Amino acid sequence: MSNFDAFHDFRMNNHVAIVTGGAQNIGEAIARTFSGAGAKVMIAGRNGEKAQKTAAAIQAATGNEVLGISCDVTVEADIQRCVQETVKAFGGISTLVNNVGWGKAYDDPLAVSEEEMIQSYKLNTLSAMRMTAACRPYLLKAENATITNSGSLVGVLPAFDFIAYSAAKAALNHLMLGLAHYFAKQVRINTVLIGTVITENYAAAGLDEKAQYALAHPDNLTGRAGKPQDIANAFLWLASPAGSWISGQTLQVSGGGKRVRLKPE
Ligand SMILES: NC(=O)c1ccc[n+]([C@@H]2O[C@H](COP(=O)([O-])OP(=O)(O)OC[C@H]3O[C@@H](n4cnc5c(N)ncnc54)[C@H](O)[C@@H]3O)[C@@H](O)[C@H]2O)c1
């Protein structure tokens, strides 16, 4: 019988996490995984009722405290309320997950309006900066303080069809690297470059798993599209003490796939 516990450093007891966009899909998997690892979790979602419902389901599954709150991460007052409620309920914040993000496809990248470019930047990039600013005083007091972001493969590879989203996700990488340098020795900051993960959104768009995989990842090395849990496992590594020597990094979790698409002939 071994005395060595290989999972010890992956446990998140004494951690308090905020997961934005944690009511469904990838964010939900991250919230459930952190909770299962022992953390107290606040799910911040635009739809407060859905956030609370997901929180209750996770708490029932893991036995650890999970709360849900309505918070639009593009609205400063909502961000402040979310942070204050988290501290009131759980006594601090050690772990921020900036997971909210969304992108729209366009046929002609140059037809995207200035307004749409700015909206994408506000949602995918600026929201993470504002959340970081609001959590800063608590992160600075916490042990193993981390910020981990839901980036995208299209933030490092060209994606003319998702031009507003990919430009904003590229900016997120750069922003967070700069902040990792600023918070050196105090808060570890990493970004996961997520490949195609099949969620209920794809089913709603009428694409089954096979169709989505074929469309986005013809060169995927693993032969399958991602699942939310594939991404949550990477977040657990980066945010738990197991990742304590990892900061200022982007980690590609995409089945080894790339996403390079050229304009059709
Ligand atoms: N699914 C993929 O294939 C994929 C690929 C690359 C990157 N990503 C990134 O991973 C993250 C999660 O993706 P997902 O597929 O789970 O997305 P999703 O749309 O299923 O979930 C996002 C959640 O964020 C919430 N949300 C949206 N805007 C919000 C706002 N302003 N304030 C608060 N909550 C808001 C939504 O209500 C939803 O619950 C996103 O950042 C996305 O860009 C996803």
Side-chain angles (χ1 to χ4, degrees), residues 18-33 42-55 58 68-83 96-105 119-131 134 147-157 159 161-162 164-173 176 191-205 207 209 211-213 215-217 220 224-232 234-235 250-255 257-259:
I18 295 181
V19 180
T20 71
Q24 66 180 35
N25 296 328
I26 292 172
E28 178 181 359
I30 295 167
R32 188 185 308 108
T33 300
M42 176 66 89
I43 293 176
R46 209 171 23 180
N47 178 340
E49 221 170 282
K50 189 163 185 196
Q52 282 162 9
K53 210 169 144 201
T54 302
I58 293 176
I69 191 168
S70 75
C71 169
D72 182 333
V73 295
T74 62
V75 175
E76 183 62 28
D78 280 18
I79 290 175
Q80 293 298 335
R81 190 172 39 80
C82 167
V83 167
L96 170 62
V97 173
N98 290 311
N99 169 67
V100 164
W102 184 77
K104 183 176 164 191
Q119 283 308 327
S120 183
Y121 188 71
K122 279 186 177 167
L123 181 71
N124 292 292
T125 318
L126 264 187
S127 66
M129 186 175 170
R130 301 313 313 155
M131 284 297 305
I147 303 169
T148 316
N149 309 289
S150 286
S152 172
L153 207 48
V154 304
V156 287
L157 293 165
D161 46 350
F162 279 91
Y165 173 71
S166 76
K169 287 289 193 188
L172 177 70
N173 296 341
M176 286 300 164
T191 301
V192 178
L193 305 176
I194 302 172
T196 299
V197 173
I198 298 303
T199 64
E200 54 210 58
N201 303 350
Y202 290 128
L207 292 170
E209 193 163 329
Q212 184 59 36
Y213 169 68
L215 188 72
H217 283 260
N220 186 305
R224 68 170 177 85
K227 300 173 187 153
Q229 192 62 46
D230 293 320
I231 307 305
F235 272 76
T250 51
L251 173 66
Q252 186 169 316
V253 183
S254 68
K258 296 182 177 63
R259 188 191 184 283

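Count residues from 1 along the sequence. Everything numeric here is computed off the predicted structure, so don't read it as measured data. Counting starts at 1 for both ligands and their atoms, in listed order. Because only heavy atoms are used, hydrogens play no part in the values below, and waters and symmetry mates are left out as well, while side chains stay in.
Atoms of ligand 1 lying under 4.0 Å from any heavy atom of Thr199, numbered from 1 in the order shown and given with element: 1 (N), 15 (O).
Between Asn25 and ligand 1, an N or O atom pair is found at a separation short of 3.5 Å.
Evaluated for a side chain to side chain contact (heavy atoms under 4.5 Å, CB included) with Ile26, the options Val197, Val19, Val97 yield exactly one hit, Val197.
Using a 4.0 Å cutoff on heavy atoms, Gly151 counts as a contact of ligand 1. For the ligand labelled ligand 1, residue Leu123 lies inside the 4.0 Å heavy-atom shell.
When the options Gly101, Ala225, Cys71 are ranked by their closest heavy atom to atom 33 (C) of ligand 1, first place goes to Cys71. Of the candidates Lys50, Arg46, Met131, Gln24, the one placing a heavy atom closest to atom 28 (N) of ligand 1 is Arg46. Distances from atom 12 (C) of ligand 1 to the heavy atoms of Val73, Asn99, Val97 show the closest one on Asn99. Residue Val100 holds the heavy atom nearest to atom 29 (C) of ligand 1 of all those in Val100, Asn124, Thr196.
Under the 3.5 Å distance criterion, with hydrogens and angles disregarded, no donor-acceptor pair is assigned to the side chains of Gln24 and Thr54.
In terms of protein heavy atoms, atom 5 (C) of ligand 1 is closest to Gly195 O, 3.1 Å. For atom 10 (O) of ligand 1, the closest non-hydrogen atom of the protein is Ile194 CD1, 3.5 Å. Among protein heavy atoms, atom 42 (C) of ligand 1 sits closest to Tyr165 OH, 3.5 Å. Remark: minimum distance from atom 19 (O) of ligand 1 to any protein heavy atom is reached at Asn201 ND2, 3.3 Å. What sits closest to atom 24 (O) of ligand 1 on the protein, heavy atoms only, is Gly21 CA, 3.3 Å. In this structure, atom 31 (N) of ligand 1 lies nearest to the protein heavy atom Asp72 OD1, 2.9 Å. When only non-hydrogen protein atoms are considered, atom 44 (C) of ligand 1 lies nearest to Ile26 CD1, 3.7 Å. Val197 N, 2.8 Å is the protein heavy atom nearest to atom 3 (O) of ligand 1.
Residue contacts with ligand 1 for Pro228 are absent, since no atom lies close enough (heavy atoms, distance under 4.0 Å). At a heavy-atom cutoff of 4.0 Å, ligand 1 is contacted by the side chain of Lys169 but not by its backbone.
Remark: Arg130 CZ to Asp78 CG distance equals 13.5 Å, nearest 0.5 Å. Considering OG1 of Thr125 and NZ of Lys169, their distance stands at 8.0 Å, rounded to 0.5 Å. Within the model, atoms CG of Asn99 and CE of Met131 stand 11.5 Å from one another, a figure rounded to the nearest 0.5 Å.
The salt bridge (Lys or Arg N to Asp or Glu O under 4.0 Å) contacts involving residues 19-33 comprise Glu28-Arg32, where partners must be two or more places apart or lie in separate chains.
No side-chain donor-acceptor contact under 3.5 Å links Lys104 to the backbone of Tyr165. Between the side chain of Asn98 and the backbone N or O of Thr20, no donor-acceptor pair lies under 3.5 Å.
Counting heavy atoms from C-beta on, the side chains of Leu172 and Asn124 never come closer than 4.5 Å.
Taking a cutoff of 4.0 Å between a charged side-chain nitrogen and a carboxylate oxygen, Lys227 and Asp230 do not qualify as a salt bridge.
Within a 6.0 Å radius of CD in Gln229, more than 12 heavy atoms belonging to other residues, nucleotides or ligands are found.
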